[in-house]
Asks: 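Below is one structure. I have some questions about it.
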Amino acid sequence: MSDTELTGRLLVATPLLVDPNFDRAVVLVLDHDTDGTLGVVINRPTTVPVHEVLPAWSELAGPMPMVFQGGPVALDSALGLAELRALPRGEDPDPLGWRRVHGDLGLVDLDLPPELLAAEISAFRVYAGYAGWSAGQLERELGQGAWYVIDAAPADAFTLSPELAWRTVLRRQRGGLALLSTFPDDPELN
């Protein structure tokens with residue numbers, strides 16, 4: 001795969017992926033190049049409200065104002081993911097403090113005052129930690145069949161039903177992947 005083919009796409013854990021950090025995980029790839037891959041797990045909300053860790057940003061966290069566990073790496077750090085509002089023609093599409101990842105999705109500089117971006121973003125989430133792969137590591141995992149690579153839908157990153165994201169993303173695929181959406185949580189109980 002080329003460097004940019006994965007950026008902005010979803011990695012959906014196969015039912016056979018046994019790593020508890022990624023059991024039924026849906027990962028939005030934020031950056032993929034020859035140095036490695038960085039993403040956030042979009043379907044793991046925690047019970048920690050955003051206002052407890054980033055009070056200034058809590059109002060932008062919207063209808064699901066919980067911190068999400070973005071992955072097993074650097075759990076003491078935070079990433080902000082935001083979607084831009086549709087801007088009138090001629091306006092700068094990349095506001096200060098926002099770095100485009102893919103389409104209208106981008107990373108937010110959480111050290112800046114949220115007022116700089118509040119009017120320009122339509123959705124916002126905070127992730128504690130991230131999922132990371134060193135150079136070639138994800139490609140090896142893909143070759144071993146650990147992940148499905150799926151195009152992201154605009155609403156995936158900010159779903160209000162994260163507990164259903166794994167099934168929802170698979171269900172909208174064609175063929176065998178749609179059937180996998182019904183794979184039982186514990187196949188031994190089937």
Asks: Drop me the distance from F158's CZ to R125's CZ, to the nearest 0.5 angstrom.
Replies: 7.0 Å
Asks: Quick test of your reading: applying salt bridge (charged side-chain N to carboxylate O under 4.0 Å, His left out), list the pairs with at least one residue in residues 140-153, sequence neighbours left out, ordered by first then second residue.
Replies: R9-D151
Asks: Before you tell me yes or no, could you show the steps for L107 and W98 under side-chain contact (heavy atoms from CB on, under 4.5 Å), namely the whole-Å CA-CA distance, both residues' side-chain angles and the distance that decides it to 0.1 Å?
Replies: CA-CA 6 Å; L107 290 170; W98 183 85; over 6 Å; no
Asks: Could you work out, with side chain to side chain contact (heavy atoms under 4.5 Å, CB included) as the rule, every residue matching S77, not counting sequence neighbours?
Replies: A74
Asks: Between P20 and D23, is there a side-chain heavy-atom distance shorter than 4.5 Å?
Replies: no
Asks: Quick check: closest heavy atoms across P45 and F68, and the distance to 0.1 Å?
Replies: N-CD2, 3.6 Å
Asks: Can you name the side chain to side chain contact (heavy atoms under 4.5 Å, CB included) partners of A131, sequence neighbours left out?
Replies: F22, V27, W133
Asks: I want to check something: taking the side chain as every heavy atom from C-beta on, are L112 and L117 in contact at a cut-off of under 4.5 Å?
Replies: no
Asks: Using the salt bridge (charged side-chain N to carboxylate O under 4.0 Å, His left out) rule, collect all pairs that involve residues 110-119, keeping only residues at least two apart or in two chains.
Replies: none
Asks: Just jot down the side chain to side chain donor-acceptor pair (under 3.5 Å) partners of Q137, sequence neighbours excluded, or say none.
Replies: S134
Asks: Any side chain to side chain donor-acceptor pair (under 3.5 Å) involving residues 153-164? Give me the pairs, sequence neighbours left out, ordered by first then second residue.
Replies: D156-R172
Asks: Cut-off 3.5 Å, no hydrogens considered: what does the side-chain donor-acceptor table look like for residues 46-64, sequence neighbours left out?
Replies:
{"residue": "T46", "atom": "OG1", "partner": "V48", "partner atom": "N", "Å": "3.1"}
{"residue": "T46", "atom": "OG1", "partner": "V67", "partner atom": "O", "Å": "2.6"}
{"residue": "W57", "atom": "NE1", "partner": "L110", "partner atom": "O", "Å": "3.2"}
{"residue": "S58", "atom": "OG", "partner": "P55", "partner atom": "O", "Å": "2.9"}

Asks: List the atom of P162, the atom of N43, and the distance in Å for their closest heavy-atom pair.
Replies: O-CB, 3.1 Å
Asks: Could you tell me whether a side-chain N or O of R85 sits under 3.5 Å from a main-chain N or O of I121, the two making a donor and an acceptor?
Replies: yes
Asks: I'd like to check the side chain to side chain contact (heavy atoms under 4.5 Å, CB included) partners of L38; sequence neighbours left out, ordered by chain and number.
Replies: L30, D31, Y130
Asks: Consider side chain to side chain contact (heavy atoms under 4.5 Å, CB included). Of T14, V169, L10, which one does Y148 pass it with?
Replies: T14
Asks: Answer whether the closest heavy-atom distance between the side chains of L142 and L6 falls below 4.5 Å.
Replies: yes
Asks: What's the spacing between R100 CZ and T7 OG1 if we round to 0.5 Å?
Replies: 13.5 Å
Asks: Passes side-chain hydrogen bond (donor to acceptor under 3.5 Å, both in side chains), H32 versus T37? Steps please.
Replies: CA-CA 4 Å; H32 176 75; T37 306; 2.6 Å; yes
Asks: What I'd like to find out is whether the side chain of V26 reaches to under 4.5 Å of the side chain of I150, using heavy atoms alone.
Replies: no
Asks: Please answer whether the main-chain N or O of N21 pairs with a side-chain N or O of R44 as donor and acceptor at a distance below 3.5 Å.
Replies: yes
Asks: Test of understanding: with side chain to side chain donor-acceptor pair (under 3.5 Å), list the residues that count as partners of D104, not counting sequence neighbours.
Replies: none
Asks: Look only at the side chain of W166 and the backbone of A13, and say whether a donor-acceptor pair between them is shorter than 3.5 Å.
Replies: yes
Asks: Considering residues at least two apart in sequence or located in another chain, which fulfil the side chain to side chain contact (heavy atoms under 4.5 Å, CB included) criterion with P154?
Replies: none
Asks: So how far is it from L81 CG to L28 CG, rounded to the nearest 0.5 Å?
Replies: 6.0 Å
Asks: So, taking the atom named CG in D109 and the one named CG in L96, what distance separates them when rounded to the nearest 0.5 Å?
Replies: 8.0 Å
